[in-house]
Structure formats: structure tokens, C-alpha cells
Protein chains: 2
Amino acid sequence: MKLNLEEITKELKNKNIRLSHHRLKVLEFLNDNRIHPTVDQIYIQLHKELPTLSKTTVYNSLNALVDAGLVKVLTIEDNETRYDIVTDNHGHFKCESCGKIYDFEINLSSFQSKDLDDFKINNRDIYFKGICPDCIQQ
Amino acid sequence: MKLNLEEITKELKNKNIRLSHHRLKVLEFLNDNRIHPTVDQIYIQLHKELPTLSKTTVYNSLNALVDAGLVKVLTIEDNETRYDIVTDNHGHFKCESCGKIYDFEINLSSFQSKDLDDFKINNRDIYFKGICPDCIQQ
DNA sequence: AATAAGTTTGTAATCATTACAAGTTAGCAA
DNA sequence: TTGCTAACTTGTAATGATTACAAACTTATT
């Protein structure tokens, strides 16, 4: 999917966030590599292209993009924070054998619980864990 | 709910995990305080009763209980690991205003996605975020 | 070009969690 | 009951991820 830069820049402007060169690179990386990467994965890859990039900037950029609502934090496990570009509703499945994270289509807004009638729900996350088909076969 | 110690001990034995005094206290705390506490919350409370308790032991006990399947790790946010005693299927709602975590009843096993037909699903977590009724009123 | 606000960088600080070694405890067998 | 062994606890030190901060740099705007 191609990023619409003008639109993104306009959205960011409302929040006084500039789409700087590094931030754009981080956003592009997430858009082009749908692997739900960790900060380290992003840093290591981008550092090859941008030798002056610091890890602090990666954290910075990610936090800015999350604040802007363009990027989502995934906390499937307590010891690894991952990032995902915001797209339509989907859940995440993590394979307990190979560690790979899969997207799966699911209509999150259809989930209702009478216990939450009086709650304002801003965000719905679904995390499944188990074994992926590749690992089942072995 | 009262803990059935004999049954729990028996289950643990299979995994060579003893239900030591400290571990039992941690388990009791989770059973009696359904507040999805952090390690610090557990440590501070139990330390009052058990002055010799170390934080390492709290971590240790929690990890053992998680391994035994009696306790579940909640990773709603990337910067705070919480623990929950394992009960029937329910989702978790975190209020973005007051930070409180609510349980809500939901039939987790009813969630299906055709994308996961060939996957073995061991675990389903649902995390919602938003504003709770108490905070909406203010 | 000048200005002001926002961004990047590197280092240092912080915080949660784990590793480790030494001492302690619990369960089992003789 | 005693002794043995494995498991547990403790405190300290190490690790690792993330944030704080100050100085230098960049960008958009006047």
C-alpha cells in the first residue's frame, strides 16, 4: 500500500508533529514490512540506510506516530513491544513455537458484552496464541 | 472463591513445583484481590505480613504459578505487567482515565476467523480500552 | 535572512526483570 | 528420627529496555 503523504502531513500538523525525514522512514518501514517489528528490528534495518540514526530517534519517532494515531503498539508478550501500522480491524496471532505474528481478519467492533454497556470503548485488541500451520506440520 | 489447596498441590506436583508458603500467599492474594495487580502492588502488600519476603521471590512465585497454569499474565500496556488468577473466559477493559482494569464477561471461544482455520489456538486474550462509567460522569 | 518551534543525537539515568551463589526448607527414604 | 537431595528464598549484581536531558541541528514561517 502506498502512503498518502500529503494527507498524513496534514493530519500531523493538527498535533504540531512534523513528518520529519526519520519519522517518514520509520513509517515507510512499517508500511513496507508487515512483520510487527520490535524497536531493535526497526533500528537495525534503518541504520543501514541512515548511518546517523540513533535508537532514541526510533523511540521518539514511534511515540510521535503512535500519538498521531498512525501506528499501534502491540503488547502480546510482556517482554517485547512491537509496532504495527494502523489498518483495518484485525487480530494478532502469535505462534508459540516460531514466534511469528500473523494478522487475521476479524470484525472487532461486533464484540459486545452487556457488562460494557455504560463504557466508552476506544480501542479493541485481540491477541491469540498457539501453533501456526508451518509448525504443526513439523 | 475458596482455593482448593489439595487439588492445586496435586496439579503442581506433576511439574515438580512445590506450593511453598510464599507461593501460596501470592496465590491467595490474587484470589482475594481481583485488581489485576502489578508485581509492586503484590510485593508491597505481602511484605507487610511477611517482612522477610523479597521481590525476587514474588517474581519467582508468579513465574512458577504462570508455568503451572494457575495465573495469567496481562499485557495490556507495554510498561506494566499485571497478573490475574485464571478463571473462566473473560476480557479486560482498561480505563484510560483512571487506569482501573475491569473484567467483562465474553465468550472467547466463539471468536472465529477463517484465516485461522489451520491454526491451533491455545490462548485468547481480549483487551479493550476506553473510559469507564465513573470517569464519564465527571 | 531571522526567528521560533520542533527534531535529533549521545550520554546518562531509571526502572523492571533476571542471573547467580549461598543459605534455608521440605519431602522422602532408610 | 536422621540424613539426603531437590527445590526454594534471599540479596546483590547484572542486564536490557526505555526515558530524560542538554546541546546542536532542522524546518517552516515571517
Side-chain angles (χ1 to χ4, degrees), chain A residues 5-6 8-29 36-44 46-68 70-71 73-83 99, chain B residues 5-6 8-29 36-44 46-68 70-71 73-83 99:
Chain A
L5 292 189
E6 283 191 25
I8 291 173
T9 307
K10 210 175 71 185
E11 269 188 53
L12 288 176
K13 209 162 190 177
N14 293 334
K15 314 204 179 190
N16 282 335
I17 297 175
R18 288 182 193 158
L19 190 57
S20 67
H21 187 56
H22 287 350
R23 286 181 186 163
L24 179 57
K25 281 291 181 185
V26 170
L27 192 58
E28 276 180 356
F29 181 83
H36 318 88
T38 62
V39 169
D40 262 1
Q41 285 179 293
I42 299 169
Y43 173 69
I44 289 168
L46 290 184
H47 187 76
K48 293 176 186 169
E49 281 184 66
L50 308 167
T52 71
L53 181 72
S54 77
K55 199 182 268 190
T56 304
T57 297
V58 177
Y59 276 105
N60 242 325
S61 301
L62 285 168
N63 288 338
L65 294 169
V66 169
D67 287 348
L70 296 171
V71 168
V73 180
L74 303 187
T75 54
I76 305 183
E77 303 283 356
D78 59 336
N79 56 352
E80 52 171 36
T81 304
R82 294 174 172 276
Y83 294 86
Chain B
L5 292 189
E6 283 190 28
I8 290 173
T9 306
K10 210 176 68 186
E11 269 188 57
L12 289 176
K13 211 165 189 175
N14 292 335
K15 315 203 179 193
N16 281 334
I17 296 175
R18 290 182 190 157
L19 190 57
S20 67
H21 187 54
H22 289 349
R23 285 182 187 165
L24 179 57
K25 281 292 180 185
V26 170
L27 192 58
E28 277 181 356
F29 181 83
H36 318 91
T38 61
V39 169
D40 263 0
Q41 283 179 294
I42 299 169
Y43 172 70
I44 288 168
L46 291 184
H47 188 76
K48 294 176 184 168
E49 281 182 67
L50 308 168
T52 71
L53 180 71
S54 77
K55 199 181 268 190
T56 303
T57 297
V58 177
Y59 275 105
N60 242 325
S61 301
L62 286 168
N63 288 337
L65 294 169
V66 169
D67 286 348
L70 297 171
V71 167
V73 180
L74 303 187
T75 54
I76 305 183
E77 303 282 359
D78 58 335
N79 55 352
E80 54 172 35
T81 303
R82 295 174 171 276
Y83 294 87

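Letters A, B, ... are given to chains in the order of the sequence lines, protein chains preceding strands, and every chain is numbered from 1.
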For this session: Please figure out whether A/E80 or A/S20 has its closest DNA chain D nucleotide nearer the 5' end.
Result: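 With A/S20 and A/E80 compared, the 5'-side residue is A/E80.
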Exercise. Is the side chain of B/Q41 donor-acceptor paired with the backbone N or O of B/T38 at a distance under 3.5 Å, no angle test?
Worked result: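 Answer holds: yes.
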Exercise. So, A/T75 side chain and B/I76 main chain: donor-acceptor pair closer than 3.5 Å or not?
Worked result: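 Indeed, once roles are kept as given, a pair shorter than 3.5 Å links the two residues.
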Those residues that, when tested against [X], pass side-chain hydrogen bond (donor to acceptor under 3.5 Å, both in side chains) (two or more places apart):
{"X": "A/E80", "result": "A/R82, A/K94"}
{"X": "A/S20", "result": "none"}
{"X": "A/K55", "result": "A/D40"}

Which pairs, protein N/O on one side and nucleotides 19-28 of chain C N/O on the other, fall under 3.5 Å?
residue: C/dC28; atom: OP1; partner: B/K13; partner atom: NZ; Å: 3.2

Take atom [atom1] of [X] and atom [atom2] of [N], then tell me their distance rounded to the nearest Å.
{"X": "A/K55", "N": "C/dT9", "atom1": "NZ", "atom2": "P", "result": "14 Å"}
{"X": "A/L12", "N": "C/dG6", "atom1": "CG", "atom2": "P", "result": "13 Å"}
{"X": "A/N63", "N": "D/dA17", "atom1": "CG", "atom2": "C1'", "result": "12 Å"}
{"X": "B/I17", "N": "D/dA7", "atom1": "CD1", "atom2": "P", "result": "11 Å"}
{"X": "A/H47", "N": "C/dT9", "atom1": "NE2", "atom2": "C1'", "result": "12 Å"}
{"X": "B/D40", "N": "C/dT17", "atom1": "CG", "atom2": "C1'", "result": "11 Å"}

Exercise. Taking only residues at least two apart or on different chains, which pairs with a member in residues 56-68 of chain A satisfy side chain to side chain donor-acceptor pair (under 3.5 Å)?
Worked result: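 Every pair satisfying side chain to side chain donor-acceptor pair (under 3.5 Å) with a residue in residues 56-68 of chain A: A/S54-A/T57.
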For this session: Give the angle between the helix axes at the two ends of the helix from C/dA1-D/dT30 to C/dA30-D/dT1, taking five base pairs at each end and rounding to 10°.
Result: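 The end-segment axes of the helix from C/dA1-D/dT30 to C/dA30-D/dT1 are tilted 30° relative to each other.
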